[in-house]
Amino acid sequence: MFDLAALDPSSLLPFILIGFAAQLVDGALGMAFGVICNTLLVAVMGVPPAQASARIHVVEVFTTAVSGISHLIHRNIEWPLFWKLLIPGVIGGVLGAYVLTSLHSDVVKPFVLGYLVLIGIWLLVRGLLYPPKVQKPTVIAPLGLIGGFLDAAGGGGWGPVVTSNLLVQGAEPRKVVGTVNSVEFFLTLTVSATFIYHLGLAQIAGATLGLLIGGVIAAPLGAFMAKRFSVKLMLTLVGVVLTATSAFGLYRAVL
């Protein structure tokens, strides 16, 4: 086990702030924890990409648990939607974890990111000009399957794919965010189970511990914010975040 007394609080602070900011956005808008953390850790903090990905994966198990409970308390979960996403999402995650060990996800990634950029722009336009009427989404299970597969394959994709497409279909924003975040806990737990077993809890130290502290603190605040955002504001914010993060990812992918 690691010695908590040996950790320097000042060295944890930047990672706590990164985890807090990323989870605040993710909890409120249903996406971007992995993207924001990975970008700041690698580009700003200089963490090697492999280490950044491993740390984020472990942290998400805990942050999604707290986020899901918070959304449950604020009644942001739509249970029929939850169950329709859960099973396909877990199946997609398991398939992604196994199948993509022999495939090159980098080939597919630019196309997925390009698609998400277009979805983000469309959500931004609808949020600013003519928000859609709230209605029941019709395409659910395929989104769960694809979102789970991409999340396991590339370390992210569940929130951007599932949340954005449900919003395009006119689903109620706060219910979408709460439900997608809650399902993500089970997805992350399933995909990460073997990895966490081999990694060991002793590795949850340093940067990982800082991300965990910041993320857990921010999770209840994100759920609180999601409950109070209007449809127009939610669509606009999701459109901005999705477009910006996907465009940046696309830029890096094609270089």
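Numbers here are sequence positions counted from 1. Note that the structure is a prediction, hence the values are computed from the model and not measured.
The structure places CG of L212 at 8.0 Å from OG1 of T63, a figure rounded to the nearest 0.5 Å. Expressed to the nearest 0.5 Å, how far CG of L242 lies from OG of S164 amounts to 5.0 Å. Taking OG1 of T188 as the reference point, atom CZ of F62 lies at 11.5 Å (rounded to 0.5 Å). Atoms CD1 and CG, on I213 and L17 in that order, are 11.0 Å from each other to the nearest 0.5 Å. One finds the CZ atom of F82 at 4.5 Å from the CZ atom of F186 (value rounded to the nearest 0.5 Å). Of the inter-residue distances, the one linking C37 atom SG with E60 atom CD reads 7.5 Å to the nearest 0.5 angstrom.
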In sequence, state the C-alpha distance, the side-chain angles, and the governing distance for F229 and L29, and then conclude on side-chain contact (heavy atoms from CB on, under 4.5 Å).
CA-CA 10 Å; F229 284 162; L29 303 181; 4.2 Å; yes
So V176 and N76, side-chain contact (heavy atoms from CB on, under 4.5 Å) or not? Walk me through it.
CA-CA 8 Å; V176 168; N76 292 340; over 6 Å; no
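Evaluated for a side-chain contact (heavy atoms from CB on, under 4.5 Å) with L81, the options L166, V183, L86 yield exactly one hit, L166.
The local environment of CD1 in I121 is crowded, with over 12 non-hydrogen atoms from other residues, nucleotides or ligands closer than 6.0 Å. Within a 6.0 Å sphere centred on CZ of R75, other residues, nucleotides and ligands contribute 12 heavy atoms or fewer. Counting heavy atoms of neighbouring residues, nucleotides and ligands inside a 6.0 Å radius, atom NZ of K84 does not exceed 12 of them.
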Please report, to 0.1 Å, the donor-acceptor pairs under 3.5 Å made by any side chain of residues 89-96, with sequence neighbours excluded.
none

Considering only distance and modelled atom types, tabulate donor-acceptor pairs under 3.5 Å from the side chains of residues 135-146, sequence neighbours left out.
unit_1 : atom_1 : unit_2 : atom_2 : d
Q135   : NE2    : Q169   : O      : 3.0
K136   : NZ     : E78    : OE2    : 3.1

Report, one line per pair, each donor and acceptor closer than 3.5 Å where one atom sits in a side chain of residues 18-25; sequence neighbours left out.
none

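Of the possible donor and acceptor atoms, one in the side chain of T179 sits under 3.5 Å from a partner among the backbone N and O of K175. Looking at H71, its side chain does come within 3.5 Å of a backbone N or O of G27 through a donor-acceptor pair. Remark: the backbone N or O of T243 is not paired with any side-chain donor or acceptor of S246 at under 3.5 angstrom. For the pair D26 (side chain) and F33 (backbone), a donor-acceptor distance under 3.5 Å is present. A donor-acceptor pair under 3.5 Å is formed between the side chain of W158 and the backbone N or O of V180.
One hydrophobic cluster holds both L85 and W83 under the rule that ILVMFWY side chains link at heavy-atom gaps under 4.5 Å. Hydrophobic clustering of Ile, Leu, Val, Met, Phe, Trp and Tyr side chains at less than 4.5 Å, counting indirect connections, keeps L124 apart from L118.
If you chain together ILVMFWY residues whose side-chain heavy atoms come under 4.5 Å of each other, I69 ends up grouped with I73.
Counting heavy atoms from C-beta on, the side chains of L167 and P173 come closer than 4.5 Å.
Looking at residues two or more places apart in sequence or on another chain, you find a ring pair (Phe, Tyr, Trp, His ring centres under 6.0 Å) between F224 and H74. L72 is linked by a side-chain contact (heavy atoms from CB on, under 4.5 Å) to I77, W79, counting only residues two or more places apart in sequence or in another chain.
Shown here for G178 and S182, the closest heavy-atom pair between the two residues is O-OG, 2.7 Å. Contact between A219 and V66 at its shortest, heavy atoms only, is CB-CG1, 3.6 Å.
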